[in-house]
Amino acid sequence: MPVQRDALKNKHLLPEGYSLLQSILLSGAFLKNPVKSVSNSMHRFAGTYTAAIGFKRKLILTQDPAFIRHVLQENHKNYQKSPIATEAARYLGYGILFSNGAFWLQQRRLIQPAFHREKLQGLQAVIIETIKESIAKCPIGNAVDLYPFVHGLSFRMLLRSIFDVPLTPDIIAEIGQLFADIQEFLIKDTNQPVRRLWYPVTGEQRTTSRKAHRLRAIIGDIIHQRKSSGESTGDLLDMLLHSTYEDTGERMAEEQIIDEVLILIFAGHETTANTLSWLLYLLANNPPALKQLQSSLIDTSVQDALTNECLKATISEAMRLYPAAWMTERVAIEADRFGPYSFPGGTIIIPFFFGLHRDEQIWENASVFDPERFMPGGKATRSKNYFPFGAGPRMCVGNHFAMTEMCFFVHAFLTEFEIQSTGHTPAMKALITLRPDQVILHSKRKVSNKGSL
C-alpha cells in the first residue's frame, strides 16, 4: 500500500492521504455530505487514508476490516474514546459511552448484566404494550412519511423500559426535544470547530448547558419519585438503583445514575428508530423480500419474532446497508503499527463501517438488499467484516435489547399493515447516527387481520 512519511516524526509511516491544507479545502464537501465525501476518499486511497486536524494531530480513516479489528479488538487496550466523543460528556455525563479506562470498565461490568437475554424477558411485556398502543395510531395513506412515527415509537419503547412509570406527554416531548437540541449542537460543534470563536457572542454553549441541566433535573425528579415510592417495577432504573460495585459493595451515586440513564436514552432510541425506518424503506422497495418475510410471520405470535430466522436476517441485512453507527472513533494511547503503517500516540482512528459493509471486494452484490446472506448457512452468518454494534469490549451493551425491540416492532407492523414504495429515496443524514431524512411510503391497514398482539 502507498504510504507517506509523516513530516513531523520521520519514524512514523502513515497511510497516503491529505495534507492540512487539502483537509481544510475538503471540509466543505464533508460537511455537506459526510458519507459521500469519505466514500470517495476511500475509493481513491484503496480503503485507508490520512487526514489532518490541526498542525500536529492526524486522523486515519479506514474500512479495512483487519485494521478495524486491530483497533477495536486485538489491541483495544491501546485505544480509548477520543476527545471528539468525550467532549459530549460535558452535556450528557460520563456514562459508559463517553468514559475511559478503569472507570469505564467498572461501569460496564455494573451495567452489562441488565442487558443479558434472561433479564430482558422481564421488559418484553412493556415493549409489546408500547408497540400495541402506538400501532393503533400509526398514520396511513398515500405518500406518508413514516419516520416521525417510528422515531416516536422507538423513543417511547426505550423510555418505558428505563422508567416503567406514567410520564405525561409534555414531559416525553420535552425530553425528546432536549436530546434533539443537544445532539444538533454537538454535531455542529464537532464538524465546525470555528463556531466556538463565536460562542461568547451567540450564547449557544450556555444555552446548551442550560438544556443539559434541565434534562438532568427531569431524570433526577423521576429517580427521587422512585426512591420515595419504594416500588420495584423491574425496569432498567431499578437495576441501576440496586446494582452494587464488586469491590466495595456500594451502590452507584445518584449523579452517576443520571449519567448512565442519559447515555441509555441518547445511544438507544435513535439507533433503533433509524434502523427500523431504513428497513421499512428497503422492504417496500424489494417486494420479493417483503413477501418472503410476511409469509414467515403467518400464524405466529409477536413472541415468536425472536426466533424467526427470516426476520432476524432481514434486520441484519438492513443494518449492513445502513448501519446506525456508520462510523466510530478511537485515539491511540501510545504509538502503534498495523501492516505497513506506524503512527504516534494521539492519532485518531476512524473505522468507517458504512464503507466496509458495502465493499464490493468483501460482499457479493454489496449494494443489493439480500436478507438471504444472513439466513442460517448464508455467507454472512459469521462474517468478521460486519460491525452493526461495533466490536470488542466496547461493543454496544444494548445489542440484544435493540434486536428485541426491532423484532417485536417488525412483526407487529407487518402483521397490521401493507406498505408499498412511492419511488422516493431517503437522503442520508449522517449525524451521530445514520438517519433517513424522510421515509415516504404508501401504507394501509390489512383488510382482514386477526392481530398479532
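Quick note: residue numbers are just sequence positions, from 1.
Side-chain contact annotation: Ser367 with Arg358, donor-acceptor N/O pair under 3.5 Å absent.
Classified by interplanar angle (parallel below 30°, tilted 30° to 60°, perpendicular above 60°), the ring pair Phe409/Phe149 is tilted. Taking the six-membered ring for Trp and thresholds of 30 and 60 degrees, His269 and Phe155 have ring planes more than 60 degrees apart, a perpendicular arrangement. Ring planes of Trp326 and Phe352: perpendicular class, angle over 60° (limits at 30 and 60°).
Listed for the Arg226 side chain is no donor-acceptor partner under 3.5 Å among the backbone atoms of Thr233. A donor-acceptor pair under 3.5 Å is absent between the side-chain atoms of Asp359 and the main chain of Gly355, judged by distance alone. A donor-acceptor pair under 3.5 Å is absent between the side-chain atoms of Thr433 and the main chain of Arg435, judged by distance alone. Here the side chain of Asp145 pairs no donor or acceptor atom with the backbone of Ile440 at under 3.5 angstrom.
Under a 4.0 Å N-O distance rule, the pair Arg445/Glu418 does not qualify as a salt bridge. Ion pairing between a basic and an acidic side chain is recognised when a charged N comes within 4.0 Å of a carboxylate O; Asp259 and Arg216 show such pairing. We find that Lys444 and Glu416 are not joined by a salt bridge, their nearest charged nitrogen and carboxylate oxygen being 4.0 Å or further apart. Salt bridge annotation for Glu133-Arg156: absent, with no cationic side-chain nitrogen under 4.0 angstrom from a carboxylate oxygen. Ion pair Lys429/Asp437 not flagged as a salt bridge, since none of the NZ, NE, NH1 or NH2 atoms sits closer than 4.0 Å to an Asp/Glu carboxylate oxygen.
Proximity of the aromatic rings of Tyr322 and Trp278 is defined here by a centroid distance below 6.0 angstrom, and this criterion is met. Taking the centre of each ring, Phe353 and Tyr386 stay at or above the 6.0 Å mark. Ring-centre distance between Phe185 and Tyr91: below the 6.0 Å cut-off.
Distance check, rounded to the nearest 0.5 Å: CD of Glu329 to CD of Gln80 gives 10.0 Å.
Looking at Met239, Met252, Glu260 one by one, the single match for side chain to side chain contact (heavy atoms under 4.5 Å, CB included) with Leu110 turns out to be Met252.
Taking the ring centre of Trp363 as origin, the terminal cationic atom of Arg373 falls outside the region bounded by 6.0 Å and 45° from the ring axis.
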